[in-house]
2 protein chains.
Amino acid sequence: MSETSRAIGLKELARVLGLSVPTVSRALGGYSDVSQKTRERVVQAAREHGYVASRAGRMLVSGRSNAIGMMLPQPAGQITDAFVGEFLLGLADSLAELGRDLFLAASSQSRDELQVLRHMVDGSQADGIVINRLTVDDARARVLIARRIPFVAHGRLIEAPGPYSWLDTDGEKALDGLARQLVSLGHRRFALVMPDVAYTFAHFRSRGLERALSELGLPLRPDHIAKVAPNDHDGAHAEARALLSLDPRPTAVIALTDQLAFAVLEVARELGLGVPGDVSVVGFDNVPMAVYANPPLTTFDQNIRESGRIAGDMVVARIELGEAGIRTLLLEPKLELRASHGPAPAD
Amino acid sequence: MSETSRAIGLKELARVLGLSVPTVSRALGGYSDVSQKTRERVVQAAREHGYVASRAGRMLVSGRSNAIGMMLPQPAGQITDAFVGEFLLGLADSLAELGRDLFLAASSQSRDELQVLRHMVDGSQADGIVINRLTVDDARARVLIARRIPFVAHGRLIEAPGPYSWLDTDGEKALDGLARQLVSLGHRRFALVMPDVAYTFAHFRSRGLERALSELGLPLRPDHIAKVAPNDHDGAHAEARALLSLDPRPTAVIALTDQLAFAVLEVARELGLGVPGDVSVVGFDNVPMAVYANPPLTTFDQNIRESGRIAGDMVVARIELGEAGIRTLLLEPKLELRASHGPAPAD
DNA sequence: ATGAAAGCGCTAACAA
DNA sequence: TTGTTAGCGCTTTCAT
């Protein structure tokens, strides 16, 4: 790109070439009804002048924006951290390959989630939407489904009022498998630490755990389940301390996010408990720091960046194929076996 | 928002109201030359029908997009993690408050950084740009400065070819202060772990450290400086192992990012070295996991989300005021004193 | 206080 | 093969 020239429009480009505006447009658009020679001249001139079609013009005539809107999760739920960034990187990458733009929208004090959605959709800023971190009664998903707006959810509803595209990791199956694995390692007393927000991922994961344990005749007792507010560091510690102070003490503590697992590890250290000698701890997410935990955390890997990439492909398919493009995808998270779990201690 | 209605346009709205299109537009725009009664009718109807002005129409007539473009750092430099996400959350929040939209652009195999920039600027998708993680010879910054395009850099160039808006944390001053503090704790042998990419933040931070140590008569020896490729977990460990195996061993290892500091902590543990008993370790960034490290990591806090918010305010000021709106801001990071540093061991 | 007309940049339909 | 005309949705003259 020239370092100094200003942007050039189609009109100006046509003037320079001594052609009409539509001819230039067709040449650039690759239409067949323009002479080979003219096309080359036009393409050449466009490149030289660094011509880039104005999005406004395109949007106006096509009625579409060529952009995908992603709603950022509420700043309130600050679990964010690595997640949002990693997901966005994958999403942006995929959309860039597909020639689509990515549009970010955050709700704020002055504009709630639904207003933001409307801004994107009715203002035709985005041809499709990506949302994540769904709650049990997710208002965004419900509106998007009802209005038949193309969107992809990262995560899924428990009961959907209609078909929609989603991709999710199978937390239910994952925790079912984990429970059986730990039981086979001799564990009999389990505890669960989960977020207190009604995210559906927490629902599925905890359901998998509870169901497996029930089937194995070791139902999870209510006082062995701790719920923690997002980002409440002290609260997480208090709950972890309570769980690890139970008598008899659980030998395996499952945390539904790595963030929560770290809190458990820290409390275990404070209480002088060995991990995994006295208690096994397992997380979920495999955030980059999991490998640096002490001991390195056994946790489920979600490949969040790849999920972002897939979400991009899915939303574009949904846009281009209409409702026939609705897809669902359940990914299997992989358990990263590290050093925070082991056989149950002898009683 | 109605759950079923489709988007309505100005024309349709005017028809419903029995008014002309321009009158409705003026009423909504808050112009004074429309009767009080008409305005109320219009506003009411617009609300009822969920009218949102098409962005295309607005853009076309105003010539501006009302959006800010943010270039995502190259997926190559995967230091990202919490960073991108946190920064974006702040940026999106600030822009939402200011009524601006946020566009994300990622370079890909098929479109390099400068093409992406041109796409945003010449296609008038964005009125202003935000870039971060600047390198010593940052092509993006140079083009933006040369073309006088409104932008804000998070981070800054070492030598700029012209004025531009930036905000940065004062890594130079921070590490100068840290060096003096550690020397006063008795440390005499220092080592430095830094990224091998020419990010300017690394330049400033290392300069601060090296200058202070030189002034104190303890110049940092070249073999006490390790450079690590981004996200090269094994490489980081190898370098850390080399540093901690030097004889005599450094008593203080400064890592320019928390990520690198974690690697040092892990290697220290492997080598059976006590932290901070045998060696002090300090990081930079205060990522959320720093508090969970073993021992909890002493590191500089940048308040990355707040930086995103400030960047949003700055880029809007730059757009609205033109070159008169150019601002620079050097924030002072705060050293979070945790448990990974302490007095130098007795020799 | 309101309506009519023009035009932003682009592409699609039609005419030559 | 090219040029002319029209129109996307909106705002801003200008005229009434």
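What you see is a predicted model; the values in this text were computed from it and never measured. Just so we're on the same page: letters track the sequence lines, and every chain starts at 1.
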*Candidate nucleotides D:dT2, D:dG9, D:dC10, ranked by approach to the side chain of A:D33 - the nearest*: D:dT2
*Which sits closer to the 5' end of DNA chain C, B:L19 or B:V61, going by the nucleotide each is nearest to?*
B:L19
*Taking the side chain of A:R26 as its heavy atoms from C-beta onward, which of C:dC10, C:dT2, D:dT2 lies nearest to it?*
D:dT2
*Rounded to the Å, how far apart are B:K11 NZ and D:dG7 P?*
9 Å
*Going by atom types alone, do B:E48 and B:Q44 pair a side-chain donor with an acceptor below 3.5 Å?*
yes
_Nearest-0.5 Å distance that lies between atom CG in A:L144 and atom CE in A:M71_ = 8.5 Å
*Is any side-chain N of the basic residue among B:D313 and B:R327 closer than 4.0 Å to the acidic one's carboxylate O?*
no
*Can B:R133 and B:D138 be counted as an ion pair, charged N to O under 4.0 angstrom?*
no
*Indicate yes or no: at least one non-hydrogen side-chain atom of B:S124 is less than 4.5 angstrom from one of B:S65.*
no
*Send over the distance from B:R55 CZ to D:dG9 P, rounded to a whole Å.*
16 Å
*Using heavy atoms to find the nearest nucleotide of DNA chain C for B:V24 and A:A53 separately, return the residue whose nucleotide is more 5′.*
B:V24
*For the side chain of B:L10, counting heavy atoms from C-beta on, which of C:dC10, D:dT2, D:dC10 is nearest?*
D:dC10
*Expressed in angstrom and rounded to an integer, what is the separation of A:N66 atom CG from C:dC10 atom C1'?*
14 Å
*Between A:P22 and A:Q36, name the one whose nearest nucleotide on DNA chain D is closer to the 5' end.*
A:Q36
*For C:dT11, does OP1 or OP2 lie under 4.0 Å from any side-chain N or O of A:S25?*
yes
*According to the interplanar angle, ranging from 0 to 90°, do the rings of B:F201 and B:Y199 count as parallel (below 30°), tilted (30 to 60°) or perpendicular (above 60°)?*
parallel
*Starting at atom CZ of A:R15, determine the distance to atom C1' of D:dG3, rounded to an integer number of angstrom.*
18 Å
*Within this structure, what is the CD-to-P distance between A:E12 and C:dC8, rounded to whole angstrom?*
13 Å
*To the nearest angstrom, how far is B:L28 atom CG from C:dA1 atom P?*
18 Å
*Have a look at B:G63 and say if it touches a base, only the backbone sugar-phosphate, or nothing, with a 4.0 Å heavy-atom cut-off.*
nothing
*Do any side-chain nitrogens or oxygens of B:T38 fall under 4.0 Å of OP1 or OP2 in C:dT2?*
yes
*asked:* Among D:dC8, C:dC10, C:dT2, which nucleotide has an atom closest to any side-chain atom of A:Y51?
replied: C:dC10
*Nearest whole angstrom, please: distance from the P of C:dG9 to the CD1 of A:I8.*
12 Å
*Value in whole Å for how far the P atom of C:dA12 lies from CG of A:L60*: 13 Å
*Does the side chain of A:S54 get closer than 4.0 angstrom to OP1 or OP2 of C:dC10 through an N or O atom?*
no
*Within the structure, does a side-chain N or O atom of A:Y31 lie under 4.0 Å from either OP1 or OP2 of C:dA12?*
yes
*Considering only side-chain heavy atoms of A:S35, which listed nucleotide, D:dT2, D:dC10, D:dG9, is closest?*
D:dT2
*Taking the side chain of A:S20 as its heavy atoms from C-beta onward, which of C:dC10, D:dT4, C:dT2 lies nearest to it?*
D:dT4
